[in-house]
Amino acid sequence: MRRYSADGQAAAGTNLTIAELVANGATTRARIYDIMIGSDATPADVATEFNLIRGTVSGAPTTTVTPRALDPSDPASLMSLEVGTFTGQTKTANSSLMNIALNQRATFRWVAVPDGEIVIPAAADNWVGLESIASGGTPNINVTFHWLE
Amino acid sequence: MIGAQHTRQANGAIIIDGMHVADTLQCVHCGTMWIPVKGSGKKRGFCMKCHGVTCGCKECDTCMPFEKKLDMYEKGKIKILR
């Protein structure tokens, strides 16, 4: 399986999606095995609660990031990372895959063991994203995803 | 992480500021991840067919392996994937 990486950043807030990893088509499933969350803002004691959620319509983002293959000889990824503020997005209700509470000063990393990855189905425009549920401020949140295709 | 357990067969690991602080378990029916905390009061399950833990929500009490759920969702046989 091929490995890819993409990162993006957006401000935290209430029920705001920071970034979503979107299937461009119905060709392949993606398996997220590494998630890193941090903040490049001036250090402050701001607590933010995140959920990793599913969605079925990615909507229009501020920015679309082209993933990078960790092996330069691999072909382009069949996923995209969409970042920023979204319009026309559809989130799947009650689909929280992981709940994370984090202080802005800390860096969070989740790593899957083999076969423990978070799976994005092979369905066009389906996505898994990091959502800020509630925050004590609006710090810039940086997120990096690593996944297998 | 206070109360978090390290488990023998974890599905993931959480690292805060470079230190491994907790393991995560994954539901075999829906893929949800959580940190097991002894004495938390949260009720989880165990599927004897899949031989794995479940998240404890009612939808996951009935056995449907997550891979099968994905296949059915991709074929349009189920509308919502949670």
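Letters A, B, ... mirror the listed sequences (proteins, then strands); counts begin at 1.
Heavy atoms closer than 4.5 Å to chain A are found nowhere in B/Glu59, neither backbone nor side chain. Within the 4.5 angstrom heavy-atom criterion, only side-chain atoms of B/Ile80, from C-beta onward, approach chain A. For B/Ala10, the part lying near chain A is the backbone, with the side chain staying farther off; criterion is any non-hydrogen pair under 4.5 Å. For A/Leu102, the part lying under 4.5 angstrom from a heavy atom of chain B is the side chain only. Contacts between B/Cys30 and chain A at a heavy-atom distance below 4.5 Å involve the backbone alone (N, CA, C, O). Contact annotation for A/Asn126: only side-chain heavy atoms (C-beta onward) come within less than 4.5 Å of a heavy atom of chain B.
A/Gln9 and A/Asn140 share a donor-acceptor pair across their side chains, judged by distance under 3.5 Å alone.
A/Glu149 places a side-chain N or O within donor-acceptor distance of the main-chain N or O of A/Leu78, the cut-off being under 3.5 Å.
Note on A/Arg109 versus B/Asp17: no salt bridge recorded, every NZ/NE/NH1/NH2 to OD/OE distance being 4.0 Å or above. Under the 4.0 Å criterion applied to side-chain N and carboxylate O atoms, A/Asp71 and A/Arg3 are not assigned as salt-bridge partners. Between A/Arg105 and A/Asp45 a salt bridge is recorded (basic side-chain N to carboxylate O distance below 4.0 Å).
Cation-pi check for A/Arg54 over A/Trp127 is not met; the charged atom does not lie both under 6.0 angstrom from the ring centroid and within 45 degrees of its normal.
Contacts with chain B were tallied for A/Ala123, A/Pro121, A/Ala26; A/Pro121 has the most, counting heavy-atom pairs under 4.5 Å.
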